[in-house]
Amino acid sequence: MSEPHIMTLQERRARALGPAYRLFYREPVHVVRGSGTRLFDIDGVEYLDAYNNVPAVGHCHPRVVEAQYRQAATLNTHTRYLGTDLVDYAERLLATFPAPLANVMFTCTGSEAIDLALRVARHRRPGTGVVVTENAYHGTTAAAAAISPSLGGFAPLGTDVRVVPAPHRFPADEVDTAFPAAVRAAIDDLGRHGHGVAAFVADSIFASDGVIPGPTGFLRGAAEAVRAAGGVYIADEVQPGFGRLGTGMWGFARHGVEPDMVVLGKPMGNGMPIAATVVRPELLAAFGSEIRYFNTFGGNPVAIAAADAVLDVIDDENLIANAERVGAHLRTELRRLTADCPFIGEVRGAGLFLGLDVLDEHGRPDAAATDLVINTFRDERVLVGSAGLGSTAVKVRPPLPFSMDDADRLLEVTERVLTVLVRDQGKDAAR
């Protein structure tokens, strides 16, 4: 009689959690500890984290951990009691935005914040339609999923949602006029079908579309187009925000545009569940007085303590300047390393947010080769991700303290990854 099968952790996870939960990498990493820009697996093996933006100021930053611990040992409740810390943080956060964005509502996740922003945008507005880019991702609630084409065909878009090509689909010297024109055409189509328009939603690095840093300027035209039609521009800063792009706190500022609403999420509490919707008061006036809105855990004291500590660390450790300096070094060196590799296309990005296109032997985007690259990085103990339509770009988006030494380690590994890519693609070409 054979020994009974002992289930692996991966098998137990699949049985308990079901098929909707996904794991990164062909050989998943069993992570048990994090520190700064490093993750450690169950065997003590160290990985360089070049992907996770949730721990924006680094895994388990001691100042954030201490702030959470201290507050958890004092008080944790909801926002229907008066509290100094909540108001202090709200004022501090709002001071980082253009003056017209003067109200903030707290949630637990970016998806909830997008959901709330859509509710505000549609309240007392004759149109309900929303315009997004072709492979946008804005969240997983029913409302957020309905404006997230990157979730695929089995997560259908709303009937009042229209997609426009991502900005890199247009010639660079035409995008400032062509992209707004595409937004206007989508708005016109919503009008023809009786929906009208409530909002244009975009993140300023177009992360899910493949990491598109510019040229800058075309978002102004898109915002003007949606406002002219009676809608609002919602900036999704969940991924590009909190200094990641290296030129200020918020990605939309690179485009010289002021949104009507801004959605924040993942990095805000360095792993604590806190997010927010920042709003022009005139948009919130009717909604706030006519709609009963409450979020039990949104803006709870422990989450606020973590979020406040994150702002301290960003300021005190000059992490925005670090993102610009290290990111520029990475872009320059990655372009040098890949210049003669026929299977890597454009290397692009801003600050510590980079994308690299992976190509087949005919110069076309290649999802299988991208998967090979990402898993080869993983085997070399460097963690990166994917982006773009069909997941054909490598996404590099590390914690903000990513150092020059970290960057040089990534570059050293990149050389070995390119050797594997060239060898593998050469075999495919020979078949």
Side-chain angles (χ1 to χ4, degrees), residues 131-137 149-150 162-187 200-226 228 233 235-237 239-241 244-248 250-259 323-324 327-360 362-367 370 386-397:
V131 180
V132 295
T133 51
E134 62 191 335
N135 201 50
Y137 171 74
S150 68
R162 297 293 183 272
V163 300
V164 296
H168 66 307
R169 302 291 186 194
F170 304 99
D173 60 349
E174 298 176 14
V175 67
D176 281 358
T177 55
F179 185 78
V183 171
R184 282 192 293 272
I187 291 169
F200 163 67
V201 186
D203 84 79
S204 54
I205 195 69
F206 297 88
S208 294
D209 287 298
V211 186
I212 316 300
T216 58
F218 57 85
L219 278 178
R220 283 198 307 274
E224 290 166 2
V226 73
Y233 161 42
D236 184 342
E237 289 285 321
Q239 294 196 62
R244 173 154 299 279
L245 304 189
T247 53
W250 309 115
F252 61 79
R254 294 176 65 248
H255 290 264
V257 62
E258 290 186 4
E324 175 59 26
H329 173 64
L330 270 175
R331 291 192 302 277
T332 297
E333 292 303 306
L334 284 170
R335 285 166 182 159
R336 180 184 62 80
L337 285 174
T338 61
D340 296 324
C341 180
F343 305 114
I344 297 293
E346 186 180 24
V347 176
R348 56 185 174 268
L352 282 173
F353 210 139
L354 287 80
L356 296 80
D357 290 327
V358 185
L359 311 173
D360 65 14
H362 303 294
R364 299 172 301 202
D366 190 331
T370 305
S386 65
L389 194 62
S391 296
T392 57
V394 175
K395 179 163 64 175
V396 177
R397 187 195 54 185

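In this text, all values refer to a predicted model and were calculated from it rather than measured experimentally.
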### Summary
Correct closest heavy-atom pair for Thr216 and Arg254 would be CB-O, 3.3 Å

### Task
Start with the C-alpha distance between Thr133 and Phe206, add both sets of side-chain angles, then the distance that settles side-chain contact (heavy atoms from CB on, under 4.5 Å), and finish with yes or no.
CA-CA 8 Å; Thr133 51; Phe206 297 88; 3.6 Å; yes

### Task
For Thr177 and Glu174, indicate whether the former's side chain and the latter's backbone hold a donor-acceptor pair under 3.5 Å.
yes

### Message
For a 4.5 angstrom cut-off between non-hydrogen side-chain atoms, does Thr370 reach Ser391?
### Response
no

### More than 12 heavy atoms of other groups within 6.0 Å of Asp173 CG
yes

### Separation between CD of Glu224 and CG of Leu219, rounded to the nearest 0.5 Å
11.0 Å

## Note on the structure
Rounding to 0.5 Å, atoms CZ (Phe353) and CG (Leu245) come to a distance of 7.5 Å

### Query
Between Glu134 and Asp209, is any pair of side-chain heavy atoms under 4.5 Å apart?
yes

### Query
Just checking, any donor-acceptor pair under 3.5 angstrom between side chains of Ser208 and Asn135?
no

### Heavy-atom closest pair, residues Ala387 and Val211
CB-CG2, 4.5 Å

### Query
Any idea which heavy atoms bring Leu334 and Thr338 closest together, and the distance?
O-OG1, 2.7 Å

### Minimal non-hydrogen separation, Ala393 against Gly210, with atom names
CB-O, 4.4 Å

### Message
To the nearest 0.5 Å, what is the distance between CZ on Arg220 and CZ on Phe252?
### Response
14.0 Å

### Query
What is the distance from atom OG1 of Thr392 to atom CG of Asp366, rounded to the nearest 0.5 Å?
8.5 Å

### Task
Could you go through the salt bridge (charged side-chain N to carboxylate O under 4.0 Å, His left out) check for Arg348 and Asp357 one step at a time?
CA-CA 9 Å; Arg348 56 185 174 268; Asp357 290 327; 2.8 Å; yes

### Gap separating the CG atom of Leu330 from the CG atom of Leu352, nearest 0.5 angstrom
7.0 Å

### Query
Does any non-hydrogen side-chain atom of Val394 lie less than 4.5 Å from one of Ser386?
no

#### Entry: For Ala225 against Pro180, the heavy-atom pair lying closest together
CB-O, 4.3 Å

### Query
Within the side chain of Gln239, is there an N or O that forms a donor-acceptor pair under 3.5 Å with the backbone of Ile205?
no

### Task
Could you tell me the separation between the CG atom of Leu354 and the CZ atom of Arg335, rounded to the nearest 0.5 Å?
8.0 Å

### Message
Any heavy-atom pair between the side chains of Val131 and Val164 that's under 4.5 Å?
### Response
yes

### Query
Of the options Pro240, Pro259, Pro213, which is the one that meets Ser204 in a side-chain contact (heavy atoms from CB on, under 4.5 Å)?
Pro240

### Donor-acceptor contact below 3.5 Å, side chain Asp176 vs main chain Phe218
yes

### Task
Give the C-alpha distance, both sets of side-chain angles, the deciding distance and a yes or no for side-chain contact (heavy atoms from CB on, under 4.5 Å) between Val358 and Ile344.
CA-CA 5 Å; Val358 185; Ile344 297 293; 4.2 Å; yes

### Message
Evaluate Arg169 against Leu389 for side-chain contact (heavy atoms from CB on, under 4.5 Å), listing each step before the verdict.
### Response
CA-CA 12 Å; Arg169 302 291 186 194; Leu389 194 62; 3.4 Å; yes

### Task
Identify the two heavy atoms, one from Pro215 and one from Val175, that lie closest to each other, and give their separation to 0.1 Å.
CG-CG1, 3.3 Å

